[in-house]
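The block underneath contains the structure these notes are about, expressed in structure tokens.
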Amino acid sequence: MLKALLPSLLACVLLASCAKSEKDSRPEDQTSQATTHMERGEYTEAISILVNLQTSHPEDPKISLHLASAYAGRAGLRVENYWGFTVGYKGLFRKAPEPQAGPLIDLKGFESQAPKELRDAVTHLNGNLKEFYKIRRRLEQIPYVNADKRQDLYRALDAIKGHPTAGGRLYRSVLGLVVARSTIEDTASVFNSWSKRNYPLCDAEFRLLVDWIAFSAGVLEELADDLSVAFPKDRAEFKRAEGELKKVSGLTREVNRHVKEGAALCARP
Amino acid sequence: MRASLIALFLIFTAAAHAFEAPRSMATGTSGLLTRALGRMCHGFDLASDTLPCNPAFIAFKREGTLRANLFFGNNVSYTKEASDLLNERADEDTIRTLFGKQDRSEFETNLEAGYWGETWGVSVSPLRVNYGTTFRNPSLPEISLFASQEESLRGQIGTYLGNDLFIGLQLRALHRKFIAKQFFLTDALANEGTGFFEPENQNVLYVEPGLLYAPEDSDWNPKAYMSLMNAGIASRASPAFPSRPQFHLGTSVAADIGLGTWGLGVDVAWDNGMETDLEPVTVGSYYEFGILRLLAHVNERSNGLGFQVSSGFFNLGLASQSTTFNDGWGEKVTDRRLYLLLGAEI
């Protein structure tokens, strides 16, 4: 009898190990493993699993969303950090009266120094920063992530760029807001330091300032595009905001061009 | 060889990782006995809920009783939001209220009225709401949601067959509106959740027989029973709420001890499709004296404790039950829930 059973028993062992390894390799099971790591705060391990999974299933939107959340988790971002402003934060771009804010780049300090083209570009930029100011006040509710951890947020944004679902685009806009808020705060610190030294144009801080404004405008531009997908009913409003931010991006590029030309002048003995 | 093949089949018949509602939501009714005694409610002749769990007990001749019960668990304040979700009235406030805690939550509400007469009974439940969510991933929560709203009508009829044998039959007609969904939190928030939660409908007719052996010539009032629950035909199949029959086999005793009556029983249940074909064995007990009744049960996946006070017209009960269930992603979670019963009886 034992001899008759032996092939069956061997088959049992083989099939059991095949079943186990087949179960482990299913994307949903690997995603579950990754999520278990995230629940324990083991984000690096989760990212390792999800990066491999995304390579083999690049079209699966759930995997890319899990990966983005793993990067965000490693950057220190949890749902309790952004829940408060996620619900109802469409108002971020709503047409609401805002108190007049001062110009982003105060010309008083360097009017006498700056060439006319640069002065004109900065004046134009200040005039078009309405959307930027509106957002900046509301950004103060959003968590700040320092520069060390921000690389993971950039990776998260890349992982779900153009995500096909409204929920995925909403999450991307949340990450974009955190990046924008954090960058704007760093920009403000640099601006304060630069202004205290009377706005030297031939200065690395000025070029950094303009780069960061351009970067923030670019992030917010993508954010408006993501929100137009997350909330299709308000698409027109978000597209209008996106258009305004595109102008800001364009103007910062113009300012940057003048700054680079100025840098060449500054470099001459 | 044949035995080997059968053994192979049994070994590898693992439950599919189906997205299935918790069993307490998908089966039976909501009541104090089902929560405090668990499956052991099939083995005791206790008049508490509007009709007995095991329809064979309806065959015991008794005076007719009209009963109305309101039964609800913790988090009952979410009933409105759950109902809004099920009836496509959910808005941003609904989403914020239901998912704001980002933590596992559940509740259960049942309103039922019935008549338990001599060898027959009927009850109607115009509203039974079940809701449960589990969350995972603290960075971007992924949610497993079950919500159901049921209206049901059930009738029981029973008779004595002779030789201490009783038989009963329950017919239960049920309309269920439900949502069973797994999603990311931002999916629910995008576009204000419009059109995201689309409830499904299901009509089911259950045929649930029960058989009871209850010899009278013993102080211990022993009973042995069989019953079949959740055997039905649905208008449309749903993986979340499958009509999967559950077979019960058990025994119980009840004797006058001290000032009251003490009952003790064992129930074994089979439900194919679970992780093992053999459900855990449930041991249940009750002690009633005067207007007070104490209830308890324990098995591998659940335990419960409760009490009930019946003052003739009003009855009040409280039960606590701990249950281990599948969170929707193949992980086991354990919850302890509190339930309250308010009832009236004529």
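Below, all heavy atoms of this structure are taken into account, side chains as well, without hydrogens, waters or symmetry copies. Numbers restart at 1 for each chain; the letters A, B, ... are given by sequence-line order, proteins then strands.
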Exercise. Ala190(B) and Gly167(A): which non-hydrogen atoms are nearest, and at how many Å?
Worked result: CB-N, 3.8 Å
Problem set entry | Closest approach of Pro138(B) to Tyr43(A) (non-hydrogen atoms, all atoms of both residues) | CG-OH, 3.9 Å
Exercise. Closest heavy-atom contact between Leu65(A) and Phe184(B)?
Worked result: CD2-CD1, 3.5 Å
Problem set entry | Step-by-step side-chain contact (heavy atoms from CB on, under 4.5 Å) determination, Phe135(B) to Glu39(A) | CA-CA 10 Å; Phe135(B) 286 70; Glu39(A) 296 270 336; over 6 Å; no
Exercise. Do Leu140(B) and Val79(A) pass the side-chain contact (heavy atoms from CB on, under 4.5 Å) test, and can you show the C-alpha distance, the side-chain angles, and the key distance before you say yes or no?
Worked result: CA-CA 6 Å; Leu140(B) 172 61; Val79(A) 63; over 6 Å; no
For this session: Examine the side chains of Arg136(B) and Thr36(A) and answer whether a donor and an acceptor come within less than 3.5 Å of each other.
Result: no
Problem set entry | Ser69(A) and Asn137(B): side chain donor to acceptor below 3.5 Å | yes
Seminar exercise, completed: Interatomic distance, CD@Glu142(B) vs CE@Met38(A), rounded to 0.5 Å, equals 8.5 Å
Exercise. Do other residues, nucleotides or ligands put more than 12 heavy atoms under 6.0 Å from Glu59(A) CD?
Worked result: no
Problem set entry | Euclidean distance, Lys62(A) NZ relative to Asp187(B) CG, rounded to 0.5 Å | 8.5 Å
Seminar exercise, completed: When rounded to the nearest 0.5 Å, the distance separating OG of Ser139(B) from OH of Tyr171(A) is 3.5 Å
For this session: Using a cut-off of 6.0 Å, state whether more than 12 heavy atoms not belonging to Lys239(A) lie near its atom NZ.
Result: yes
